[in-house]
Amino acid sequence: MNEIINLVNAIGTAIAALAAIVGFILAIRQYRREGTRKKCSETLALYNNLFKETYDLRDEYCTIIPNADLFAFKELHKNSPLCNKVLNLLTHFESFAQGLEYDIYDFGIFIYQTPQEMFEILNILTQFVYEVRSEKGYDLLFNGFIDLVSYTSLCMQNKRNHKKIPRKYKRIKV
């Protein structure tokens, strides 16, 4: 009789341990899903702010300097407040690039949300960065932003050619 009781206790303990393990695994999965959802939500919110800030700055630039190329270095140098706004925008993109690199933000959302026109603005800003670098002698100025635009360029080509787009950001050393 004792052997039957011991066997039932052992089976009960095994079932309880199995239930605890399953509960633990389910809790981990739920935690990861919630983390992914939060990461996507934060990426969308930040991207929407960057998008709005970029287009607002573009519109302001076109209003103040109507007949010049967009974000022309020489024209911006003549207008210190506007130049500072461009540098501020680049700083925000630099921080965003760092967040993508450390997997704080979701790169796939950034790529799928970025329209061609925004990408063209980022390329123009890249030229501005190169000109600021050469003038000031800062070779690493906005390096994260430049790397982000370079990798985004590769991903945008894949997007246009209906090829698979990487979900993770991989920094390209320029």
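Numbers here are sequence positions counted from 1.
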From CA spacing to verdict: side-chain contact (heavy atoms from CB on, under 4.5 Å), Phe142, Val132: CA-CA 10 Å; Phe142 299 119; Val132 170; 5.7 Å; no
Rounded distance (nearest 0.5 Å) linking atom CD of Glu94 with atom CG of Asn143: 7.0 Å
Glu117/Arg58 salt bridge by N-O under 4.0 Å criterion: yes
Residue pair Lys85, Tyr61: steps toward the side-chain contact (heavy atoms from CB on, under 4.5 Å) verdict: CA-CA 10 Å; Lys85 287 182 181 181; Tyr61 179 89; over 6 Å; no
Taking every non-hydrogen atom, the tightest pair across Arg133 and Leu140: NH2-C, 4.1 Å
Side-chain touch Leu100/Ile104, heavy atoms, less than 4.5 angstrom: no
Derivation of the salt bridge (charged side-chain N to carboxylate O under 4.0 Å, His left out) call for Lys39 and Glu42: CA-CA 5 Å; Lys39 180 170 126 175; Glu42 289 174 359; over 6 Å; no
Where Cys40 and Ile109 come nearest, the two heavy atoms and their spacing: CB-CD1, 3.4 Å
Distance, nearest 0.5 Å, that separates OG of Ser41 from CG of Leu46: 11.0 Å
Side-chain heavy-atom pair Phe128, Val86 within 4.5 angstrom cut-off: yes
Enclosure of Tyr138 OH (heavy-atom neighbours >12, cutoff 6.0 Å): no
Contact summary for Val129 and Leu141, nearest pair of heavy atoms: CG1-O, 3.6 Å
4.5 Å side-chain heavy-atom contact, Phe145 and Thr91: no
Distance flag, aromatic centroids of Tyr105 and Phe110, threshold under 6.0 Å: no
Contact summary for Leu50 and Met118, nearest pair of heavy atoms: O-CE, 4.3 Å
Residue pair Asp106 / Thr43: nearest heavy atoms and the distance that separates them: N-OG1, 2.8 Å
Flag side-chain contact, heavy atom, 4.5 Å: Ile65 against Leu82: yes
Residues, nucleotides or ligands: over 12 heavy atoms within 6.0 Å of Asp59 CG: yes
Spatial distance of atom CG (Leu122) from atom OG1 (Thr152) [nearest 0.5 Å]: 7.0 Å
side-chain contact (heavy atoms from CB on, under 4.5 Å) between Ile121 and Phe71, intermediate numbers included: CA-CA 9 Å; Ile121 293 171; Phe71 301 126; 3.9 Å; yes
Side-chain touch Phe119/Ser153, heavy atoms, less than 4.5 angstrom: yes
Sub-4.5 Å side-chain heavy-atom contact between Tyr130 and Ile146: yes
Heavy-atom side-chain contact between Glu135 and His77 under 4.5 Å: yes
Nearest-0.5 Å distance, CG of residue Asn49 to CG of residue Asp56: 10.5 Å
Parallel, tilted or perpendicular, as decided by the 30° and 60° cut-offs, for the rings of Phe93 and Phe96: perpendicular
NZ on Lys78 to NZ on Lys74, rounded to 0.5 Å: 8.5 Å
side-chain contact (heavy atoms from CB on, under 4.5 Å) between His92 and Asn88, intermediate numbers included: CA-CA 6 Å; His92 291 154; Asn88 191 34; 3.7 Å; yes
Residue Asp69 excluded, over 12 heavy atoms near CG under 6.0 Å: no
Nearest heavy-atom neighbours spanning Gln98 and Gly144: NE2-CA, 4.2 Å
Residue pair Pro115 / Phe51, side-chain heavy-atom distance below 4.5 Å: yes
Aromatic ring proximity, centroids under 6.0 angstrom, Tyr151 and Phe107: yes
